Trainee: 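First the structure, then my questions, so here it is.
Quick note on labels: first sequence line is chain A, next is B, and so on, each numbered from 1. Here the structure is a predicted model, which is why all the values come from computation and not from measurement. Quick note: numbers below take in every heavy atom, side chains included, and nothing from hydrogens, waters or symmetry partners.
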2 protein chains.
Amino acid sequence: MPAASDRILKPRKTPRQARSEATVEAIFDATIQVLLAEGAARLTTTRVAERAGVSVGTMYQYFPNKQALLHAVLKRHLDGLIDKVEKACRALAGETIAVISDGLVAAYLQAKMDSFDTARALYAVGAELDLGSLQAANSKRVGEAVMAVLTSALDVRFEDVRVVAFTLHVTVAGAVGAVLERGGSRARAKILASELPIMCRAYLTAVAKRK
Amino acid sequence: MPAASDRILKPRKTPRQARSEATVEAIFDATIQVLLAEGAARLTTTRVAERAGVSVGTMYQYFPNKQALLHAVLKRHLDGLIDKVEKACRALAGETIAVISDGLVAAYLQAKMDSFDTARALYAVGAELDLGSLQAANSKRVGEAVMAVLTSALDVRFEDVRVVAFTLHVTVAGAVGAVLERGGSRARAKILASELPIMCRAYLTAVAKRK
DNA sequence: TCCAAACCTGAATAATGATTCATATTATGT
DNA sequence: ACATAATATGAATCATTATTCAGGTTTGGA
C-alpha cells in the first residue's frame with residue numbers, strides 16, 4: 001500500500017543515459033560528503049549540487065525535493081546493510097546455535113564498521129525524516145532473516161522465535177548504533193566486538209530448548 | 001576544562017525573580033511541546049516563544065541562541081534520567097547479581113518509559129546538536145554508577161568491571177533507544193521488558209566469577 | 001548530418017527563520 | 001512613593017534556503 005508520502009518521495013524521472021546515472025551517483029556521494037564535512041544543519045540542496053559538480057536544477061530533475069533525496073540516500077545505505085546481514089544469515093543456516101550467534105554478531109558489527117562514516121553521517125538525517133516506512137521494512141527483513149537462521153539451528157529450538165529474533169536484532173543494532181553512530185570511538189567498538197558475542201550466546205542459550 | 005562552545009551555550013543571564021524562573025520553565029516546556037506537535041523541522045525560536053506565551057526577545061534574554069536552548073533542554077532531560085539510574089544503583093548495592101541485574105534493567109526501562117514522549121521528541125534534536133560533551137558526561141556518570149553496583153555484588157566479582165558496566169549500559173540503552181525513540185510501539189517495549197532481564201542476567205552470569 | 005529526447009544550467013523567486021535593539025512594563029528595596 | 005534593576009516586547013534586519021523555469025547543451029539513432 002503506497003503511502004501518500006510516496007508521491008512526493010519518488011524520483012521525478014529515471015535515468016536513461018549513462019551520464020545521468022553518473023549524475024545520480026555523484027549526488028548520492030555528495031550528500032554524504034557534505035553531511036560528513038559540514039553537518040546536517042548545513043546540508044543544503046545547493047551545497048550538495050555544488051559538491052556533486054552539477055547544478056541545483058539537475059538535482060531537482062531526479063529528486064522532487066530535499067526530503068526525497070535524503071530518503072533515497074538513507075534507503076540505499078540501509079539496503080546495503082540488510083543485504084549483508086541476510087547473506088550472513090543464509091550462510092549460517094543449519095549450524096549450531098553457538099556458531100550462528102557468533103556469526104550474526106560478527107556480520108552485523110562488520111557491516112556497520114564497513115560503513116562507519118556513512119552510518120554516522122546518516123544518523124543525523126534519520127531524525128529529521130519520516131523513517132516510518134524505511135524503519136519498518138528494515139526491521140521486517142532483518143527480523144525474518146534472523147528468525148530463519150534461528151529456526152534452522154542444528155542443536156536447539158525456540159519457544160517463540162519471533163520474540164528471540166526481535167530481541168537479538170534490537171539489542172545488537174541498538175548497542176552498535178549507540179556506540180558507532182554517536183560519539184563512540186573505534187576503541188569502544190572493539191569492546192563491543194568482544195562482549196556482544198558473549199552476551200548473545202548467553203541469551204540464546206538461556207532461552208533455547210535442547211532439540 | 002570549559003570548551004570553547006561553552007561561551008555560546010551558557011545562559012545569557014540567570015533568573016533572579018520568580019517570574020523569570022517561570023518564564024524559563026515555560027520555555028523548556030514549550031520546546032518539548034512544539035517538538036512533539038510539529039516536529040524538529042518546525043521547531044523555530046518564534047514558535048517556541050509563542051507557545052511559551054512570551055516574546056522571542058525574552059527567550060534570547062536567557063539563551064544566547066537556539067542551540068543553547070536545545071542543549072539546555074536536552075541536558076535537563078538526561079540529568080533526570082541519570083538521577084533515576086543512579087538512585088536505583090544505590091538502592092541495589094550489596095545485593096546478589098541476579099537482583100542487581102533485574103533491578104538495573106527495570107530501572108532503566110522505567111525511567112525511559114516515564115519520559116516516553118519527551119525522549120522521543122528529543123531524539124531528533126540530539127542529531128542536530130553537538131552532543132559530545134553531554135553524551136560523554138552522561139556515559140561517565142552512568143558508567144560509574146553501574147560499576148559501583150556491580151562491584152558491590154554479594155555473590156560474584158568481575159575480571160574487568162569497567163568493560164562489563166560499559167557493555168551493560170550500551171546494550172540496554174541502545175536497545176531501549178532503538179525501540180522507544182524511533183518508531184517503536186509500546187507493545188515492543190513490553191517484549192524488551194521481558195527479554196532484556198533474561199539477556200542481562202545471562203551475560204552477567206557468563207562473565208562473573210564466583211566469590 | 002540532423003532532430004527529438006534526454007539532460008543540464010543557474011539566476012530569480014518566494015519563504016522562512018535566527019537574532020537584535022530601542023522601548024515599555026514590572027518588581028524590589030528604601 | 002521613588003528609583004533602579006529586572007524583565008518583557010516585537011517589528012525590523014540580515015541571511016539563508018528550497019524550489020522553479022526559460023532556455024541552453026549533449027546524445028543516440030535514422
Trainee: Answer yes or no: does atom NZ of A:K84 have more than 12 heavy-atom neighbours from other residues, nucleotides or ligands under 6.0 Å?
Mentor: yes
Trainee: If you compare every side-chain N and O of A:S20 against the phosphate oxygens of C:dA6 (OP1, OP2), does one of them come in below 4.0 Å?
Mentor: no
Trainee: Examine distances only and state if a side-chain atom of B:K87 and a backbone atom of B:A107 form a donor-acceptor pair shorter than 3.5 Å.
Mentor: no
Trainee: Between D:dA11, C:dA6, C:dG17, spot the one nearest the side chain of B:T44, thanks.
Mentor: C:dG17
Trainee: Mind checking if B:R47 touches a base, just sugar-phosphate, or nothing, with heavy atoms under 4.0 Å?
Mentor: sugar-phosphate
Trainee: In whole angstroms, how far is the P atom of C:dA5 from the CD atom of A:Q61?
Mentor: 15 Å
Trainee: Take the protein atom CD of A:E50 and the nucleotide atom P of D:dT16, then report the distance between them rounded to whole Å.
Mentor: 14 Å
Trainee: Take the protein atom CD1 of B:I27 and the nucleotide atom P of D:dT7, then report the distance between them rounded to whole Å.
Mentor: 12 Å
Trainee: Hey, what's the ring geometry for A:Y123 with B:Y123, parallel, tilted or perpendicular (30° and 60° as the breaks)?
Mentor: perpendicular
Trainee: Judged by each residue's nearest nucleotide on DNA chain D, which is more toward the 5′ side, A:V56 or A:R19?
Mentor: A:V56
Trainee: Could you check whether atom CZ of A:R141 has more than 12 heavy atoms from other residues, nucleotides or ligands sitting under 6.0 Å from it?
Mentor: yes
Trainee: Using heavy-atom distances to pick each residue's nearest nucleotide on DNA chain D, tell me which of A:L43 and B:T23 is more 5'.
Mentor: B:T23
Trainee: Does a side-chain N or O from B:S55 land closer than 4.0 Å to OP1 or OP2 of D:dG10, or not?
Mentor: no
Trainee: Looking across every strand, which nucleic acid part, if any, lies under 4.0 Å from B:T58 by heavy atom: base, sugar-phosphate, or nothing?
Mentor: base
Trainee: Please name the pair of heavy atoms, one in B:P197 and one in B:D102, separated by the smallest distance, quoted to 0.1 Å.
Mentor: CB-OD1, 3.9 Å
Trainee: Taking CG from A:L69 and C1' from D:dT19, how many angstroms apart are they, rounded to a whole number?
Mentor: 14 Å
Trainee: Which nucleotide in the set C:dT19, D:dT17, D:dA18 lies at the smallest distance from any side-chain heavy atom of A:T45?
Mentor: D:dA18
Trainee: Rounded to whole angstroms, how far apart are CZ on B:R42 and P on D:dA18?
Mentor: 16 Å
Trainee: Between A:Y60 and D:dT19, is there a contact of a side-chain N or O with OP1 or OP2 at under 4.0 Å?
Mentor: yes
Trainee: Could you tell me how far apart A:M59 (CE) and D:dA18 (P) are, to the nearest whole angstrom?
Mentor: 9 Å
Trainee: Distance check needed: D:dT17 C1' versus A:Q67 CD, whole Å only.
Mentor: 15 Å
Trainee: In whole angstroms, how far is the C1' atom of C:dT9 from the OH atom of A:Y62?
Mentor: 13 Å
